[in-house]
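What you see is a predicted model; the values in this text were computed from it and never measured.
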Amino acid sequence: MAMFQSIRQEMVTWYTCSPKVYDDTHLGRAKNYVSTHIFRRTMKDYFGFRIKFIMNTTDFDDKIILQACVQYMLALFKQEHTAEDDSESDSFLAEAKSAFRHYIGNYLPVSVTR
């Protein structure tokens, strides 16, 4: 049976990356923090290791900035094309269908079944 051994007696140094967050939060993102916390506390409280724990904070990169711009532009577009009863207008639906077709044509491969 394999057992964990620290290089330095009773001291563990631990570095981990934080998740990159591109969109709305969800339970899957919390899993990283919760499981890391449980594992760290078990090593400290049950096995008696001293833990030096470092987690970086992810920078905002181009994907995050682009996603924020897209979300903002979509909100503005919906605001301009929504009727007073909060239903989407025909022009909104036509634009959405056109954009969806464009996306599929450019980003999803066409598979041919024989």
Side-chain angles (χ1 to χ4, degrees):
M1 175 187 334
M3 214 164 120
F4 176 80
Q5 277 190 320
S6 176
I7 295 171
R8 288 193 267 161
Q9 192 171 10
E10 298 187 20
M11 174 65 155
V12 175
T13 55
W14 181 354
Y15 174 84
T16 185
C17 295
S18 65
K20 289 191 175 193
V21 181
Y22 294 111
D23 208 346
D24 296 331
T25 191
H26 54 77
L27 193 56
R29 292 205 178 101
K31 177 190 173 287
N32 178 52
Y33 295 105
V34 172
S35 59
T36 299
H37 177 74
I38 291 169
F39 190 55
R40 184 170 51 100
R41 289 291 302 266
T42 301
M43 290 179 74
K44 178 180 174 273
D45 297 342
Y46 185 76
F47 292 105
F49 287 106
R50 290 184 342 202
I51 309 288
K52 182 178 183 179
F53 180 79
I54 300 168
M55 178 185 280
N56 76 338
T57 303
T58 302
D59 299 344
F60 284 97
D61 62 10
D62 292 341
K63 282 184 179 179
I64 295 170
I65 294 167
L66 179 63
Q67 184 66 22
C69 290
V70 167
Q71 292 293 330
Y72 177 73
M73 290 168 46
L74 179 60
L76 286 178
F77 184 79
K78 284 175 78 172
Q79 185 178 12
E80 292 172 5
H81 292 82
T82 301
E84 287 183 23
D85 64 352
D86 283 338
S87 64
E88 287 78 21
S89 67
D90 290 337
S91 64
F92 172 80
L93 295 174
E95 280 292 326
K97 286 179 184 177
S98 174
F100 189 61
R101 282 190 199 102
H102 176 77
Y103 177 83
I104 289 173
N106 287 324
Y107 298 105
L108 297 178
V110 177
S111 61
V112 178
T113 311
R114 293 181 183 200

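- Contacts of Phe53 classified as ring-ring contact (aromatic ring centres under 6.0 Å, His included), with partners at least two apart in sequence or in another chain: Trp14.
- At a threshold of 4.5 Å between non-hydrogen side-chain atoms, the residues Met55 and Asn32 count as touching.
- Taking Tyr15 as the reference, Cys17, Ile54, Asn56 meet the side-chain contact (heavy atoms from CB on, under 4.5 Å) condition, with sequence neighbours excluded.
- Linking ILVMFWY residues whenever their side-chain heavy atoms come closer than 4.5 Å, directly or via other members, leaves Phe77 and Met73 in distinct clusters.
- Clustering of Ile, Leu, Val, Met, Phe, Trp and Tyr by side-chain heavy atoms under 4.5 Å joins Val34 with Ile38.
- For the atom pair Gln9 CD and Arg50 CZ, the distance stands at 10.0 Å (nearest 0.5 Å).
- Partners of Leu76 by side-chain contact (heavy atoms from CB on, under 4.5 Å), not counting sequence neighbours, listed by chain and number: Tyr72, Gln79.
- Listed by chain and number, the hydrophobic cluster partners of Met11 come to none, as no ILVMFWY side chain reaches under 4.5 Å of it.
- In this view, Leu27 and Ala30 satisfy the side-chain contact (heavy atoms from CB on, under 4.5 Å) rule, not counting sequence neighbours.
- Expressed to the nearest 0.5 Å, how far CZ of Phe49 lies from CD of Glu10 amounts to 7.5 Å.
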Give the table of side-chain donor-acceptor pairs shorter than 3.5 Å for residues 95-102, with sequence neighbours excluded, one pair per line with atom names and distance.
unit_1	atom_1	unit_2	atom_2	d
His102	ND1	Asn106	ND2	3.2
His102	NE2	Asn106	ND2	2.8

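- Legend: residues meeting side chain to side chain donor-acceptor pair (under 3.5 Å) with Arg41, ordered by chain and number and at least two apart, are Asp45.
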